[in-house]
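Predicted model, so just to flag it, every value in this text is computed and none were measured. Chain letters run A, B, ... following the sequence lines, proteins first and then strands; every chain starts at 1.
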Amino acid sequence: MSNAKLSPSFYQRQDVVTIAQELVGKVLCTQINGEPVTSGIITETEAYCGRGDKACHANNGTRTDRTETMYQAGGIAYIYLCYGIHHLFNVVTNVENKADAVLIRAIQPLDGKKEMLQRRNKQNINPALTAGPGRLSQALGITTDFDGTVLKENTIWIEDRQLGSGSSLVATERIGVDYAGEDAKLPWRFYPQESNWVSQK
DNA sequence: CATTTGATGTTCT
DNA sequence: GAACATCAAATGC
């Protein structure tokens with residue numbers, strides 16, 4: 001059962017925080033415009049809940065053209081532009097009209113390292129290549145063009161390669177959400193204790 | 001080293 | 001206009 005793609009039933013569970021924890025160690029893969037597959041181990045995630053979490057774009061039933069994607073059933077990509085420059089990749093979870101999502105903040109490169117270096121205009125493989133939500137999206141060729149894409153092969157998908165869990169997960173406050181008041185303190189950011197591939201240390 | 005700043009688009013006031 | 005789930009380059013020690 002290695003290389004199993006995660007199925008809709010994985011994403012459509014109710015507890016976005018559990019899903020965020022389980023996504024760490026899974027493998028995010030992309031194949032953009034017929035280019036070689038690029039992939040990496042997910043090393044950092046954050047959970048966002050559409051109900052009672054002020055840090056979430058779709059909190060409190062806020063529906064805009066941008067957040068409409070998050071209200072769809074789990075198992076699709078929610079990608080939006082941050083600070084006018086960076087494409088941030090999220091996995092939509094839960095069922096239709098429950099706007100939960102998991103932000104992927106960092107990966108560790110596996111396949112297609114050459115393509116990732118080209119897309120990032122870098123010479124060497126180090127955490128600056130893919131550790132950070134804007135960085136990994138650029139490395140994998142993810143743009144807002146793929147907002148709402150179903151997570152399946154030949155574009156964007158996630159595999160469970162049964163990689164040993166390695167070290168235990170650390171839970172901390174989320175990054176860059178100070179504006180959310182009390183909700184900014186929720187320990188909904190997860191990464192492996194011993195990984196160097198996280199967005200800040 | 002740390003801190004500041006410029007880039008840049010979408011959403012909300 | 002201001003703020004924003006950011007990054008890289010420039011500036012200041």
### Query
Between A:R135 and C:dA8, does any side-chain N or O lie under 4.0 Å from OP1 or OP2?
yes
### Query
Going by heavy atoms in the side chains, are A:V91 and A:L28 under 4.5 Å from each other?
no
#### Entry: Rounded distance (Å) that lies between atom C1' of C:dT6 and atom CG of A:D178
14 Å
#### Entry: Atom-pair distance (NZ on A:K54; P on C:dA3), nearest Å
18 Å
### Query
How many Å lie between CG on A:L129 and C1' on C:dT6, as a whole number?
16 Å
### Length of the line joining A:D147:CG and B:dT10:P, which is rounded to integer Å
12 Å
### Message
Expressed as a whole number of angstroms, how long is the span from A:D183:CG to C:dC4:P?
### Response
15 Å
### Task
Tell me what A:T62 touches on the nucleic acid: a base, only sugar-phosphate, or nothing, going by heavy atoms under 4.0 Å.
sugar-phosphate
### Summary
Atom CG of A:L81 and atom C1' of B:dA7 are separated, to the nearest Å, by 12 Å
### Nearest heavy atoms of A:T38 and A:G112, plus distance in Å
CG2-O, 3.5 Å
### Task
Have a look at A:R174 and say if it touches a base, only the backbone sugar-phosphate, or nothing, with a 4.0 Å heavy-atom cut-off.
nothing
### Nearest-angstrom distance from the residue atom CD1 of A:I79 to P of C:dT6
16 Å
### CD on A:E46 to CG on A:L103, rounded to 0.5 Å
5.5 Å
### Query
Expressed in angstrom and rounded to an integer, what is the separation of A:I85 atom CD1 from B:dA7 atom C1'?
4 Å
### Query
With a 4.5 Å heavy-atom cut-off, do A:V24 and A:P192 have their side chains touching?
yes
### Task
Could you check which of C:dA8, B:dG9, C:dT6 has an atom nearest any side-chain atom of A:K122?
C:dA8
## Note on the structure
Residue pair A:R120/A:V177 against DNA chain C: nearer the 5' end by closest nucleotide is A:V177
### Message
Counting the atoms with a prime plus P, OP1 and OP2 as sugar-phosphate, which does A:L103 contact under 4.0 Å by heavy atoms, base, sugar-phosphate, or nothing?
### Response
base
### Summary
Of A:R135, A:R174, A:R189, the one forming a salt bridge (Lys or Arg N to Asp or Glu O under 4.0 Å) with A:E44 is A:R189
### Query
B:dG9, C:dC7, B:dT11: which one has an atom nearest the side-chain heavy atoms of A:H86?
C:dC7
